[in-house]
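Just so we're clear, the structure is a prediction, and the values are computed from it rather than from any experiment. Here is the naming used below: chain letters follow the sequence lines, and residue numbers restart at 1 for every chain.
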Amino acid sequence: MDDLNEQMEVRRKKLLQLRESGVVPYPNDFRPKHVSSQILSEFGAVSDDHLRALPDDFTMAGRIMGIRSFGKASFFHLQDRGGRLQVYARQDRLGKEGYDLFKSLDVGDIVGVWGKLFRTKTKELTLEAHGLRLLCKCLRPLPEKWHGLADVEARYRQRYVDLMVNSEVREVFKRRSRIIRIIRRFFEDRDFLEVETPMMQPIPGGAAARPFITHHNALDMNLYLRVAPELFLKRLLVGGVERVFELNRNFRNEGVSVRHNPEFTMLEFYQGYATYEDLMTLTEELFVTVAKEILGSPKVSSGDQVIDLQPPWRRLSLTEAIEEYGKVKREEVATIEPLRAFARKNGLQVDTEIPYGNLLVEVFDKIVEPNLIQPTFVIGYPLEVSPLARKDDANPALVDRFELFIGGRELANAFSELNDPLDQRDRFLKQAQSRKIGDEPASAIDEDFLRALEYGMPPAAGEGIGIDRMVMLFTASSSIRDVILFPLLRPEH
RNA sequence: GGGCCGUUAGCUCAGCCUGGUAGAGCAUCUGCCUUUUAAGCAGAGGGUCGCUGGUUCGAGUCCAGCACGGCUCACCA
């Protein structure tokens, strides 16, 4: 615990004095009957005569947020989960003893208040306190009332203070909750079953990311925090769950940035008897549904740009995109050698062993991705970067896959699923080989997943949507840390 | 991991270029104040200037290293 500064000393002393005078400073027998937001919406517009006729038993609880005191009368704002309501406390209503108790309270203390509504000279709906109780003594000073808590590091480390004093932060997380609720309803309405599959997996699969490793003591075995739920959700397709989704955490042992947090929330869903093209339509519908319910419009402002989510969204193949944004002719990127030269020219370090398809995606990430502001489905992904996707019937070097980009960020990845168990085994073997070349630990082949495919998985398409990035889009947040309550930071000290 | 920037009172920030014994506002404390809302008036207290070392008669200020954070590049299906 830190050394106590003057203000913390003062608050502790007040706490001691309250105890000595018989006040219980941390009671739990107070039951508020009203919430600020309800009171404001119900009585914010009614006449003063009507207010006078209301009973005097409005009962609220919350945190004292700003005290304006004039000797024998004071105003303050009481902040609860709904927002803030002004409270008026005066000595001739609370009595000398009651008002003295109030005078000893501090900004940040949690109190219960009851009384009668009225409107002040400045027309603000206000609760005149007929009684007031301390419900929790706050022992630390709150940040400044005007600037709030601005230090980014303090905001993330002490999110509780951030939430207390920065109302726009509360709004972001309320909106996040609403978005997730809308998504759930969207899939439930379409007969998808929500499931939970293992977070701790013996063989990490479903994405090429580096996993976190942990250990199970009783079984003496290593487990991996999942990088994706994909292989388990497909087992469910095999089992007959033809429409399934999971909305939950993934963990990737990678760097931290404005768009990456090591644990992040992913929606994955699988629909039997559908193709990746069907999922494009479904994705457009999902985003428009969320946009209309959250913003009332398919247009989203993002920084100084307006993103229009009205379908249909642009569809562009990977190579077309590179031609367009790299201002390059097709033959300059059609084979590995010219592509290498082009990549180097654009400042990429080119690994001599890198396969054509992998390099193509690297070039795309560098020169195209940041420019895809309006929603764009990029299609025509190479086979070698898509070991779980179905081959394109017309061109077996490609797969039936899209990634969705909005605001220069990847938001979704989807494909028609590979359900040929023999092809899948070959792809796994190739992946394992190419991984041995690099310094990644060679990953074991998930034999149980292949066994499941051998029983037969219905033709299907599946998609993953990065929920944090989707929330960033709908809250105009530029950093993923602003939409995750407790982003990963190094420990203090 | 590289580059750039930041770290000064509980909070928000000046002060650093050009070295000379630490400043403001809010908050706190004392007094006055019964319709304020960044309430007001008068007064007071509060600092390991991120940490460690160096240069100097003297370092918040200059230099180096370290820690944490931000931006960015790299990494990242």
Side-chain angles (χ1 to χ4, degrees), chain A residues 2-11 13-14 65-77 84-94 99 106-108 118-124 126 128 138-158 161-162 164-166 206-210 227-228 230 252-260 262 318 347-349 351 355 357-362 364-366 369 378 381-389 399 401 403 410 413 415 431 434-435 438 440 464 478-479 481 487 489-493:
Chain A
D2 343 13
D3 292 336
L4 300 186
N5 66 43
E6 182 197 11
Q7 299 192 43
M8 292 196 277
E9 293 278 17
V10 166
R11 285 175 182 239
K13 215 156 89 190
K14 285 177 175 175
M65 288 313 286
I67 302 175
R68 299 170 292 282
S69 176
F70 313 78
K72 298 186 179 59
S74 302
F75 288 93
F76 63 91
H77 274 98
R84 289 182 177 187
L85 184 73
Q86 181 167 259
V87 177
Y88 182 46
R90 44 194 286 209
Q91 190 176 73
D92 54 15
R93 184 57 93 171
L94 291 171
Y99 193 73
D106 293 299
V107 169
F118 75 108
R119 207 179 307 277
T120 62
K121 272 184 192 166
T122 52
K123 301 295 172 205
E124 180 165 348
T126 301
E128 183 183 327
C138 169
L139 294 179
R140 286 176 181 261
L142 261 45
E144 204 215 5
K145 59 190 168 194
W146 190 241
H147 299 94
L149 185 67
D151 181 274
V152 198
E153 182 177 354
R155 287 187 43 229
Y156 297 149
R157 286 196 197 282
Q158 301 187 56
V161 180
D162 194 25
M164 238 178 259
V165 300
N166 293 327
R210 204 175 310 164
V227 295
E230 173 150 0
R252 296 187 181 177
N253 206 337
E254 290 164 1
V256 173
S257 79
V258 287
R259 34 171 104 63
H260 299 88
L318 196 67
L348 284 168
Q349 289 177 317
D351 184 332
N358 298 63
L359 185 57
L360 205 59
V361 170
E362 282 191 24
F364 173 88
D365 287 348
K366 171 95 179 181
E369 176 169 346
V378 174
Y381 276 81
L383 178 69
E384 48 272 49
V385 297
S386 316
L388 300 163
V399 293
R401 169 180 176 186
E403 287 198 2
E410 179 192 340
N413 179 23
F415 35 83
Q431 273 319 96
S434 68
R435 210 162 296 171
E440 286 299 300
S478 55
S479 170
R481 293 180 205 105
L489 296 177
R490 285 194 170 86
E492 292 175 86
H493 306 303

Using the [atom1] atom as the point on both nucleotides, what is the distance between [M] and [N], in whole Å?
{"N": "B:G20", "M": "B:A39", "atom1": "P", "result": "37 Å"}
{"N": "B:G23", "M": "B:A67", "atom1": "C1'", "result": "27 Å"}
{"N": "B:A9", "M": "B:U30", "atom1": "P", "result": "24 Å"}
{"N": "B:C49", "M": "B:C4", "atom1": "C1'", "result": "23 Å"}
{"N": "B:G58", "M": "B:G25", "atom1": "C1'", "result": "31 Å"}
{"N": "B:G19", "M": "B:U61", "atom1": "P", "result": "12 Å"}
{"N": "B:G40", "M": "B:C26", "atom1": "P", "result": "7 Å"}

Among the nucleotides [options], which one has an atom lying closest to any side-chain atom of [X]?
{"X": "A:E144", "options": "B:C29, B:G25, B:A27", "answer": "B:G25"}
{"X": "A:V258", "options": "B:U72, B:A77, B:C29", "answer": "B:U72"}
{"X": "A:Q349", "options": "B:C26, B:G69, B:A74", "answer": "B:A74"}
{"X": "A:A208", "options": "B:U36, B:A77, B:A27", "answer": "B:A77"}
{"X": "A:L489", "options": "B:G25, B:G45, B:G70", "answer": "B:G70"}
{"X": "A:H260", "options": "B:U12, B:C26, B:C76", "answer": "B:C76"}
{"X": "A:K121", "options": "B:C73, B:G10, B:U36", "answer": "B:U36"}
{"X": "A:L149", "options": "B:C11, B:A77, B:A27", "answer": "B:C11"}

Spatial distance of atom [atom1] ([X]) from atom [atom2] ([Y]) [nearest 0.5 Å]:
{"X": "A:E254", "Y": "A:H260", "atom1": "CD", "atom2": "NE2", "result": "6.5 Å"}
{"X": "A:Q86", "Y": "A:R119", "atom1": "CD", "atom2": "CZ", "result": "12.0 Å"}
{"X": "A:Q7", "Y": "A:L142", "atom1": "CD", "atom2": "CG", "result": "10.5 Å"}
{"X": "A:D106", "Y": "A:R11", "atom1": "CG", "atom2": "CZ", "result": "4.0 Å"}

What's [X] touching, base or sugar-phosphate or nothing? Going by heavy atoms closer than 4.0 Å.
{"X": "A:V165", "result": "nothing"}
{"X": "A:Q91", "result": "nothing"}
{"X": "A:R93", "result": "nothing"}
{"X": "A:F118", "result": "base"}
{"X": "A:Y88", "result": "base"}
{"X": "A:D365", "result": "nothing"}
{"X": "A:G148", "result": "sugar-phosphate"}
{"X": "A:S69", "result": "base"}
{"X": "A:L142", "result": "nothing"}
{"X": "A:R90", "result": "base"}
{"X": "A:R481", "result": "sugar-phosphate"}

Write down the partner of [N] under the Watson-Crick or G-U wobble criteria, each distance required to be under 3.5 Å.
{"N": "B:U34", "answer": "none"}
{"N": "B:G6", "answer": "B:C68"}
{"N": "B:C57", "answer": "B:G20"}
{"N": "B:A39", "answer": "none"}
{"N": "B:U28", "answer": "B:A44"}
{"N": "B:A77", "answer": "none"}

Between [atom2] of [N] and [atom1] of [X], the distance in whole Å:
{"X": "A:D151", "N": "B:A9", "atom1": "CG", "atom2": "P", "value": "11 Å"}
{"X": "A:Q7", "N": "B:G45", "atom1": "CD", "atom2": "P", "value": "16 Å"}
{"X": "A:R84", "N": "B:A38", "atom1": "CZ", "atom2": "C1'", "value": "12 Å"}
{"X": "A:N358", "N": "B:C76", "atom1": "CG", "atom2": "C1'", "value": "13 Å"}
{"X": "A:N253", "N": "B:C76", "atom1": "CG", "atom2": "C1'", "value": "11 Å"}
{"X": "A:E362", "N": "B:C76", "atom1": "CD", "atom2": "P", "value": "6 Å"}
{"X": "A:M8", "N": "B:A9", "atom1": "CE", "atom2": "C1'", "value": "12 Å"}

At under 4.0 Å, does any side-chain N or O of [X] touch on OP1 or OP2 of [N]?
{"X": "A:K14", "N": "B:C29", "answer": "yes"}
{"X": "A:R490", "N": "B:C68", "answer": "yes"}
{"X": "A:K145", "N": "B:C11", "answer": "no"}
{"X": "A:R68", "N": "B:G40", "answer": "no"}
{"X": "A:K366", "N": "B:A74", "answer": "yes"}

Would you please classify the geometry between the A:Y381 ring and the A:F364 ring as parallel, tilted or perpendicular, with 30° and 60° separating the classes? perpendicular
Could you go step by step and tell me if A:V165 and A:E144 meet the side chain to side chain contact (heavy atoms under 4.5 Å, CB included) rule? CA-CA 9 Å; A:V165 300; A:E144 204 215 5; over 6 Å; no
B:U7 base / A:E153 side chain donor-acceptor hit below 3.5 Å: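 There is none.
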Under 3.5 Å, is there an N or O donor on one side and an acceptor on the other linking the side chain of A:D92 and the base of B:U34? yes
Start with the C-alpha gap between A:E403 and A:V361, add the side-chain angles, then the distance that decides, and say whether side chain to side chain contact (heavy atoms under 4.5 Å, CB included) holds. CA-CA 11 Å; A:E403 287 198 2; A:V361 170; over 6 Å; no
Pair A:H77-A:R68, side chain to side chain contact (heavy atoms under 4.5 Å, CB included): steps then yes or no: CA-CA 9 Å; A:H77 274 98; A:R68 299 170 292 282; 3.3 Å; yes
A:V385 vs A:S478, nearer the 5' end of RNA chain B by closest nucleotide: A:S478
Here's a test of your reading of the structure: between A:E128 and A:G66, which maps to the more 5' nucleotide of RNA chain B? A:E128
Stacking between A:F70 and the base of B:C33 (centre distance under 5.5 Å, interplanar angle under 30°)?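 Not stacked by the 5.5 Å and 30° rule.
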Heavy-atom closest contact (A:R481 atom, A:V256 atom, distance): NH2-CG1, 3.5 Å
Would A:V378 and A:E369 count as a side chain to side chain contact (heavy atoms under 4.5 Å, CB included) if you check the C-alpha gap in whole Å, the side-chain angles of each, and the deciding distance to 0.1 Å? CA-CA 10 Å; A:V378 174; A:E369 176 169 346; over 6 Å; no
